[in-house]
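A, B, ... follow the sequence lines: proteins, then strands. Residue 1 opens every chain. Only heavy atoms go into these numbers, but all of them, side chains included; no hydrogens, no water, no symmetry mates.
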Amino acid sequence: MNTADNVVEMRSISKGFNGVSVLKDVGFDVRKGEVHALAGGNGAGKSTLMKILQGVYQTDAGEIRIGGKPAAINSIQDAKAAGIGMVFQEFSLVPSLTVAQNIFLGVEPLGRGGLIDDRAAVKRAREVFSEMEVHVDPRAEVSRLGTAYWQLTEIAKALAQNAQVLIMDEPTASLARHESEALFELIDRLKGRGISIIYISHRMDEVYRLADRITILRDGRHLLTKPLTDVTPEQIVEGIVGKKIEGELSYRARDRESYDRSPLLEVRGLNAGHRVRDVSFALRPGEILGLAGLMGSGRTELARALFGIDKLDSGEVLLRGKKVKLASPQQAIDAGIALIPEDRRAQGLVLEHSVQENLLLPLLGQIQRGPLLDGAKGKALSSLLIKRFAVKVAHPHRPVRLLSGGNQQKVVIAKWLGTDPDILILDEPTAGVDIGTKSEILDMIRELASAGKAVIVISSEYPELLAVSDRVLVLKDGSIIRDIPLREIADEEYLQLAVQGV
Amino acid sequence: MSKANTIMPGDTAASRNFGSMLKELDWRRYVIYIGFVVVFLFFAILLRDQGFLSPNNLLNIFRQTATITVIAVGMTYVIACAEIDLSVGSVAGLSSVCSAMALSHWGLVPGILAGLAVGLVVGSLNGALVSLLGIPSFLVTLGMLGIAVGVAQWITASAPQPILNDTFNLVFGSGNFGPVPGLVVWSAIFVAIGAVVLNRTKFGRQVLATGGNRNAAEFTGINTKRIKFQVLLISGTVASVAGMLYAGRLQSGRFQWGSGDELSAIAAVILGGPSLFGGFGSIIGTLFGALLIGLINNGLILAGLDSSQQQVVRGAIIILAVALARKK
């Protein structure tokens, strides 16, 4: 391999925290104008490796070369100066400032008298956007823009500082499908201009669509680096998980005859806000109902309405044939409904609190003795949940923030299943979790349905929906446009067309 | 970066690793106790000839700290819930004058009820404005600070209201339980109840969850508006009791009683707990925070510093302690 082409070269990188080795002798390189996918399960060391490249962490051993020359990256400033830019998964913009102000935050162009020249900033931001061939108004306040624009602003921010290498961590996680497609086209253009991209993603189709080469890390070691033309999806999955998973994303028939055929949940003519319009459906015990639809089709809003977070404008909800009032989450919980919200960090967890405290939060009523909480009971209950859902925790008293994404998601699920709900609504339950945990979560969903619960799964990933759902409802503009039993769905493409409303 | 600093050379076993993590936690959580001991020893050595260690002086420290401790217990709930209550000092003042006036007109029980009513009314108003209208508590209670002190000054025409009811004075602050000053008993009761409720009840957990991540708490079925209302109600009511403690100890109600206590109480809470941004709270930490402030005040007086010098040194010590607690 000709090393002169490498914009970034990381050699024999090792890193440990508190004596625990996280990266062992890892090599990684990026060529000019290349999209290099970086994959690996939770705890494989991807984010640590990238944080070393960004100057957040310093490597214990090994060498980083930028443009063929050894580079000392000891701080985020060093990394920026070396041309490394990061598009953050959790966006790092100041919402109250304008797009241009964000792009030049800290490096504002100065005019006469040393004052900030906002006009010059806007002009230069416009130039950056026109080079990117996207339309964003640099004077718009960031908080008024959608997520896709936030991301474009992040990318522009990196490019404005002459980044030669962009690190993108799950960039499509919060984008709708057409927005993702626009991002892919942008990535192609950036590549054409000689910018290299390190692309971290769990989504196989994206990796194949974009990347030239892939590097897989497993347990802190470098496993392989190959052109994507030389590697099959099965090989990648196997590399990440470390074992062959067969049929993990295929539907498995369950015995559903033994359950009551009368509906557990019935929704009639539900209207809530702008995004839920005249929705009616029924759900039987033991059934898994998939909710498909584009971003903004009203999937999440329907879930919120059923969980009593958003107010119902009209319509009724029946549980076991009896009308129920769902005006607050507490009423929904009392009625036996649980919602696993789409954003686990913002809505599912108190990140700074311990795993145990998070698990027990909806269960406080169960561990009360008189007016006081019973510490021993709480401890027993939380360790039971941790064991039952195979959450990997060093200690239940450590903050949940320290867990990997997949384990955090397990905590959210465990927390809710502790309430023993009859109806479980999961909104994007596998977003941002690795493939191993994903198949565990899907298995969990199947098990729950087999145990007689009714489950609603909202997902943007069609293979996942097809793997668990018995029936798929397609939402568009807040209304149900299709109600399709699984056997009528020939393949993913059929479902995609249904979602597009074709 | 914070992690990099805590690497223990030679640590390999997972258990050792957990131990070093505990060390990191302990340092932040217990810095108030360490600080307390250090300052105590410092004064004990430096001021040994000025009678710092005499039982009477030590009891004095407790006595002088009692009202701040009581107010700070309520404030711990407010701050744990990611809110703030700036009105507590003036609520104490208003409560002292209302209590004193009702005492002289109608007697003991109406006097106590009038004092409590001040806290209940102001606390409910604060709570309702914050939770129903969504106005930041900083603004609501800043306004209420002015209103309460203004009302207290207005209805008394700025005149002190003497309290001649001996029972009231004895119970609220002037009396002793055996060798223990009544004020110390009062603060012990508030600290004990406050600590148990915060750590061992459903309500306490819900306060912490609401402060830690309001959204997640909401999604967990916690009525976060109600929780915010309740913490402000608690804080107001507790402050009104503190006002009566002032009234009983000083045998009069005055609008100036409690003036500026909100800042001491906030300082005590912050000294004792790891976050101003909610989600955490430790009543015992708050107690030691208040005692540390009392200790410093007392030591500086014994050392012969005048009040202007005391203020400078006290401010510097508080900043230093908080800075140490924050350093990871």
Report task. Please confirm whether the backbone N or O of B:Ala72 pairs with a side-chain atom of B:Thr76, one donor and one acceptor, at under 3.5 Å? Result ->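 Side chain of B:Thr76 to backbone of B:Ala72: a pair is present.
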Query raised in the report: So, does A:Glu357 use its side chain to make a donor-acceptor pair with the main chain of A:His353 at under 3.5 Å?
Result: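 No, because the side chain of A:Glu357 does not come within donor-acceptor range (under 3.5 Å) of the backbone of A:His353.
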Is it the side chain or the backbone of [X] that comes within 4.5 Å of chain B heavy atoms, both, or neither?
| X | value |
| --- | --- |
| A:Pro371 | backbone |
| A:Lys51 | neither |
| A:Leu361 | both |
| A:Gln368 | side chain |
| A:Ile309 | side chain |
| A:Arg344 | neither |

Query raised in the report: Strictly by modelled atom types, are A:Ser21 and A:Lys15 linked by a side-chain donor-acceptor pair under 3.5 Å?
Result: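 On atom types as modelled, these side chains do not qualify, holding no pair under 3.5 Å.
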**Report entry** Max heavy-atom pair count under 4.5 Å with chain A, selected residue of B:Asn223, B:Ile222, B:Leu208, B:Val196
**Finding:**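 So the answer, after comparing B:Asn223, B:Ile222, B:Leu208, B:Val196, is B:Leu208.
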Query raised in the report: So which of B:Ala217, B:Gly212, B:Gly279, B:Ala216 has the largest heavy-atom pair count under 4.5 angstrom toward chain A?
Result: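 Of the candidates given, the most pairs with chain A belong to B:Ala216.
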**Report entry** Interatomic spacing from CD1 in A:Ile337 to CZ in A:Phe307 - rounded to 0.5 Å
**Finding:**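 It comes to 8.0 Å.
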Requested in this report: Please check if atom CZ in A:Arg221 has more than 12 non-hydrogen atoms from other residues, nucleotides or ligands closer than 6.0 Å.
Outcome: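 No - once you tally the heavy atoms of other residues, nucleotides and ligands closer than 6.0 Å, there are 12 at most.
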Query - Closest-packed option against chain B by number of heavy-atom pairs under 4.5 Å, given A:Ile367, A:Leu349, A:Leu373 - result: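 Result: the option with the highest number of such pairs is A:Leu373.
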**Report entry** Side-chain heavy atoms of A:Asp427 within contact of A:Pro341, under 4.5 Å
**Finding:**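 They are not in side-chain contact.
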Query raised in the report: Which word best sums up how the rings of B:Phe288 and B:Tyr33 line up, parallel for under 30°, tilted for 30 to 60°, or perpendicular for over 60°?
Result: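 Perpendicular, since the angle between the ring planes exceeds 60°.
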